[in-house]
Amino acid sequence: MENYVESSRALDKIISSIGELPAIPIILSSLMGLTADVNVNIEKITQALMSDQSLTARVLKLSNSSFYGRSKEIQSLKEAVILLGFKTLRSLVVAASTHGFYTRTGGENHNKLWEHTLATAIASRLIAKAVNHPHIEEVFIAGLLHDIGKLVLLQKKQKEYNVVIEIVEKSNGKFMEIEDEIFGFNHTDAGLLILHKWSFPTALINAVFEHHDPIDLEQETMPLSFIVNLGNIFAKKLPIGFNDYRPEDLSQVPSFTHIGLDLEHLEAMESLIVEQFNYERSILAGKN
């Protein structure tokens, strides 16, 4: 992946177009690092969380959600860390911290982007559970970050990217095609460079970069990109977010065939995705 970044044809265009790539939010960087260490002292994690009271409140509320299978109320951060486990806690922290990253500038397009992002993450997680994928929380995080390149383009090149969105919604077109026409690169190129700068794991970077065109490397475990691709398409079908291109027949989507779910099973998830999306959106927005 590092070699790709260094040799990417899009690298110079991205840097010259949008300037310095944004830094990872401090709290997210701290928690990603801490929770990656299975031997870390739990007190260190709770102390890091407590530095952001708003984030702490959201994590506690989300940790008590029935969607996370809790049978008793979690009242303290230490208890949340112990009962949830590092991987689930990490996904909650990413959800809570990236919510602010997506919505702090306000505006309809920023909100649409966040809503599609959250819906994709939730759909991807449910699909991963349905196929017993061994890395469910990593799938959720990949879903949360799959359009991070769009966010940076919207923040750094707002006027031009609003034009991209307008063209996409009027034509029911594809973001990548319009982005390539206007910028000479697309949001997956930008997303790859951003997550590489943020030192995210290679599997997550690959999932973000390949979420429109998953690559089967004949790995023992299904690549995250296939699940995020299908979750992304399913979120568009609901529809939540932008009015861009979406396939009419999910059974014709390559990732659908690769994953192996039957169409009835997938469509049965729709109401649960919407229910979970509405609940988690309200928690992350501080409305519950």
Side-chain angles (χ1 to χ4, degrees), residues 1 4-5 24-25 28-29 31-33 35-36 62 67-68 85-99 101-102 113-152 175-176 186-217 219-236 240-241 253-256 258-259 261 266 269 273 276-277 280 284:
M1 180 56 64
Y4 175 85
V5 171
I24 185 172
L28 179 55
S29 176
L31 267 297
M32 286 292 288
T35 54
L62 282 172
F67 296 115
Y68 289 93
F86 287 177
K87 289 185 177 181
T88 300
L89 180 69
R90 182 169 52 191
S91 70
L92 295 181
V93 168
V94 173
S97 59
T98 54
H99 171 259
F101 197 51
Y102 275 85
L113 181 56
W114 165 248
E115 290 186 349
H116 168 69
T117 293
L118 181 60
T120 296
I122 290 170
S124 299
R125 182 170 58 198
L126 289 173
I127 292 168
K129 286 182 178 179
V131 298
N132 295 314
H133 196 278
H135 304 299
I136 292 172
E137 298 307 329
E138 283 80 358
V139 168
F140 181 68
I141 292 173
L144 285 171
L145 297 171
H146 81 284
D147 272 347
I148 191 73
K150 287 182 183 177
L151 173 65
V152 172
F175 271 99
M176 289 181 66
N186 60 64
H187 66 277
T188 65
D189 296 313
L192 179 145
L193 294 179
I194 292 161
L195 295 187
H196 184 267
K197 177 181 178 178
W198 289 1
S199 299
F200 268 60
T202 299
L204 284 173
I205 298 176
N206 287 343
V208 169
F209 181 60
E210 299 167 6
H211 74 268
H212 283 295
D213 188 20
I215 299 173
D216 185 3
L217 300 177
Q219 301 172 5
E220 183 176 342
T221 300
M222 183 185 302
L224 306 182
S225 55
F226 281 91
I227 297 177
V228 175
N229 174 263
L230 187 57
N232 178 44
I233 292 170
F234 199 84
K236 294 174 185 291
I240 295 173
V253 175
S255 58
F256 173 84
H258 190 90
I259 289 171
L261 282 177
L266 188 62
M269 294 181 188
I273 292 171
Q276 189 166 345
F277 166 79
E280 296 199 21
L284 291 166

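The residues of the chain are indexed from 1 along the displayed sequence.
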Visitor: Nearest 0.5 Å, please: how far is CG in N232 from OG in S255?
Guide: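 The CG atom of N232 is 9.0 Å from OG of S255, to the nearest 0.5 Å.
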Visitor: For residues L224 and N206, determine if any side-chain heavy atom of one lies less than 4.5 Å from a side-chain heavy atom of the other.
Guide: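 Answer no - side chains too far apart.
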Visitor: If we ignore hydrogens and angles and just use 3.5 Å, is the side chain of H133 paired with the main-chain N or O of M222 as donor and acceptor?
Guide: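 A pair under 3.5 Å: yes.
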Visitor: Among T98, I136, L204, whose side-chain contact (heavy atoms from CB on, under 4.5 Å) with I141 holds?
Guide: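 Going through the options one by one, the only one that passes is L204.
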Visitor: Evaluate the side-chain proximity of W114 to L284: yes if any heavy-atom separation is below 4.5 Å, no if none is.
Guide: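 In contact.
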Visitor: If you define the side chain from C-beta out and look only at heavy atoms, does anything of D213 sit under 4.5 Å from T188?
Guide: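 D213 does not reach T188 side chain to side chain.
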Visitor: Given side chains that start at C-beta, do those of I205 and L192 come closer than 4.5 Å, heavy atoms only?
Guide: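 Heavy-atom side-chain distance check passes, below 4.5 Å.
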Visitor: Which residue in the set H116, E210, H212 passes side-chain hydrogen bond (donor to acceptor under 3.5 Å, both in side chains) when paired with H146?
Guide: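 Considering H116, E210, H212, a side-chain hydrogen bond (donor to acceptor under 3.5 Å, both in side chains) with H146 is found only for H116.
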Visitor: Is there side-chain contact between H99 and E280, with at least one heavy-atom pair below 4.5 Å?
Guide: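 Side chain of H99 against side chain of E280, heavy atoms only: no contact under 4.5 Å found.
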Visitor: Within this structure, what is the CD1-CD1 distance for the pair I122 and I127, rounded to the nearest 0.5 Å?
Guide: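 If we round to the nearest 0.5 Å, I122:CD1 and I127:CD1 are 12.0 Å apart.
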Visitor: Does the side chain of F277 reach to within under 4.5 Å of the side chain of L118, using non-hydrogen atoms?
Guide: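 The answer is yes; the side chains approach within 4.5 Å.
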Visitor: Just how far is it from atom CG of L113 to atom CD of E115, taken to the nearest 0.5 Å?
Guide: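 The CG atom of L113 sits 10.0 Å away from the CD atom of E115.
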Visitor: Tell me, do L126 and F234 make a side-chain contact under 4.5 Å, heavy atoms counted?
Guide: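 No, their side chains stay 4.5 Å or more apart.
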Visitor: Quick one, V253 and N229 - any side-chain contact, counting heavy atoms below 4.5 Å?
Guide: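 The answer is yes, as the side chains (C-beta and beyond) meet within the 4.5 Å cut-off.
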